[in-house]
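The structure displayed is predicted, hence computed values, not measured ones.
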Amino acid sequence: MSRRLQPLTSEQRWARKQRLIGEFSLKEEFKLLQGLVTKEEATARDAVQQVLNLASTATAARGTGRDAAGLVDYHVSLSVTELAQQLDHSQHTKLVEFMSLLQKHKHTDPSTGEQVHTDRRRLFQDLPSFGYVELETWCEFGGAYKDPCDLDMAPQQKHRFANLNAFIAQLSQAADVENVPEGQLHPLDKTLHAIWTMQKALENKSHLPAELADSAAMRAACLWFLYASDRLMNNVRDHRTFKDNGGAGSSNSRREYASQGYKGYALGRWQRWQQGLEEASDACEDDETKALIEKAIVQMERAERDE
């Protein structure tokens, strides 16, 4: 009779994550991007060119399959999301610029002149691997898979989850969504994740915002407003929803949200989020966190005023 496997503890998951980080930090793409964020003279434009050189070399050597330039794309996605979690959100500027520049590049096979595809998506315009790598990373909640609403979450994982949300908020704000065909998503637009974050921090069925003031979820929510209030407010004005809902609805949220039947972004939802932040600010005893919450409120108010 076979033994049932026991689920991994948070500590075991974090140890496994650290081993994986150690392995792919040896990759050329990781070293390249680590140099970008640690060397003052390094530029995002030069880093993009180095990645393009790696992709061209891979394409020429091994063809256009998933194991060629697509692997470079995958390693870049792993490296960017890991570095974004390690770095404080105030240090993301170069990474955001790098991703914005890389996404504009059409990578072609030098022998045929044809655009290279991986997983049936355009390299690098569709950033083929970034979508699922970033999604998987977001769902790791800092690497230990511990609920970001848990006030006992380890400080390192708390900061990693918050930093990742700050990074994708900055990417979302920088995305040129105006030129995306109707019905499609810009590969850098992660504003669906903002709603998921608000569901945890502000719409939570089990805990009021005041109870989550010091949580990773609340910090992440604030960073979305700090870095992407304009993009989120544009979504509100456009009454934006997501294909197949995408988990953006309010049916599983606290009663005052669920009763409104929100499907995505809406002014009433936005105003309730602001009220939740105000409640969290009133209850918060940590000066740094309280200041962050108040900055988020200021950004919400400014975005709502601006046209």
Side-chain angles (χ1 to χ4, degrees), residues 43-45 47-48 51-52 73 76-77 80-81 84 89 92-108 115-135 138 164-198 220-221 223-249 262-271 273-274 296 298-307:
T43 68
R45 193 169 297 278
V48 168
V51 167
L52 299 179
D73 175 68
V76 165
S77 295
V80 165
T81 51
H89 54 89
H92 285 159
T93 304
K94 282 187 175 182
L95 283 181
V96 173
E97 184 183 1
F98 167 81
M99 290 297 286
S100 297
L101 290 172
L102 183 65
Q103 187 273 327
K104 293 180 173 67
H105 182 76
K106 176 182 178 181
H107 182 62
T108 57
Q115 181 159 19
V116 176
H117 288 71
T118 182
D119 296 335
R120 293 184 292 184
R121 304 186 72 189
R122 300 173 302 169
L123 197 69
F124 285 91
Q125 290 164 306
D126 294 331
L127 298 175
S129 64
F130 183 67
Y132 65 81
V133 169
E134 182 276 323
L135 174 60
W138 194 91
L164 178 65
N165 278 276
F167 177 61
I168 60 175
Q170 292 172 77
L171 290 181
S172 300
Q173 184 63 43
D176 182 15
V177 299
E178 302 302 324
N179 294 315
V180 176
E182 188 174 353
Q184 295 184 27
L185 284 176
H186 192 289
L188 295 179
D189 179 7
K190 303 298 178 183
T191 51
L192 172 59
H193 293 37
I195 290 184
W196 296 348
T197 304
M198 305 313 158
L223 290 169
W224 268 104
F225 293 121
L226 193 64
Y227 286 111
S229 277
D230 290 331
R231 175 70 66 227
L232 301 186
M233 176 47 68
N234 284 343
N235 285 352
V236 169
R237 292 190 176 109
D238 292 341
H239 306 285
R240 186 176 179 191
T241 57
F242 296 86
K243 186 177 180 180
D244 299 326
N245 190 15
Y262 297 126
K263 303 295 184 185
Y265 284 90
L267 182 58
R269 197 175 200 179
W270 172 276
Q271 291 169 339
W273 288 343
Q274 184 174 333
V298 168
Q299 288 303 312
M300 291 187 77
E301 292 172 343
R302 180 199 55 75
E304 190 170 349
R305 287 195 306 270
D306 293 350
E307 289 293 339

Is the shortest side-chain heavy-atom distance between [X] and [Y] below 4.5 Å?
{"X": "L135", "Y": "H193", "value": "yes"}
{"X": "L52", "Y": "L102", "value": "yes"}
{"X": "F130", "Y": "V76", "value": "no"}
{"X": "F124", "Y": "V51", "value": "yes"}
{"X": "R231", "Y": "V177", "value": "yes"}
{"X": "N234", "Y": "Y265", "value": "no"}
{"X": "K106", "Y": "R122", "value": "no"}

Closest non-hydrogen atom pair between [X] and [Y], with its separation:
{"X": "A44", "Y": "K94", "value": "CB-O, 3.9 Å"}
{"X": "L192", "Y": "A248", "value": "CD1-CB, 3.7 Å"}
{"X": "M99", "Y": "L127", "value": "CE-CD1, 3.9 Å"}
{"X": "K190", "Y": "G131", "value": "NZ-CA, 3.7 Å"}
{"X": "A169", "Y": "Y227", "value": "CB-CB, 4.0 Å"}
{"X": "R237", "Y": "A303", "value": "NH2-O, 3.1 Å"}

Go through it in stages, so that I can follow the logic: the residues are T191 and W224, the test is side chain to side chain contact (heavy atoms under 4.5 Å, CB included), and I'd like the CA-CA distance, side-chain angles, deciding distance and then a yes or no. CA-CA 9 Å; T191 51; W224 268 104; 4.3 Å; yes
Spell out, as yes or no, whether a donor-acceptor pair under 3.5 Å connects the side chain of Q103 to the backbone of Q125. yes
Looking at Q170 and A166, would you say the former's side chain and the latter's main chain have a donor-acceptor pair under 3.5 Å? yes
Any residue meeting side chain to side chain donor-acceptor pair (under 3.5 Å) with S77, in chain and number order, not counting sequence neighbours: S129
Check side chain to side chain donor-acceptor pair (under 3.5 Å) between R121 and all other residues, then give those that pass, not counting sequence neighbours. none
Could you give me the CA-CA distance, side-chain angles and deciding distance for I195 and R269, then say whether side chain to side chain contact (heavy atoms under 4.5 Å, CB included) is met? CA-CA 10 Å; I195 290 184; R269 197 175 200 179; 3.9 Å; yes
Inter-residue atom distance [X].[atom1] - [Y].[atom2], 0.5 Å rounding:
{"X": "H89", "Y": "N165", "atom1": "NE2", "atom2": "CG", "result": "11.5 Å"}
{"X": "L171", "Y": "D189", "atom1": "CG", "atom2": "CG", "result": "10.0 Å"}
{"X": "L267", "Y": "Y262", "atom1": "CG", "atom2": "OH", "result": "8.5 Å"}
{"X": "D306", "Y": "E304", "atom1": "CG", "atom2": "CD", "result": "10.5 Å"}
{"X": "H107", "Y": "T118", "atom1": "NE2", "atom2": "OG1", "result": "10.5 Å"}
{"X": "Q299", "Y": "M233", "atom1": "CD", "atom2": "CE", "result": "12.0 Å"}

Mark yes when over 12 heavy atoms from residues, nucleotides or ligands other than R302 sit less than 6.0 Å from its CZ; otherwise mark no. yes
If the plane angle is over 60° it's perpendicular, under 30° parallel, otherwise tilted; pick one for W273 and F225. tilted
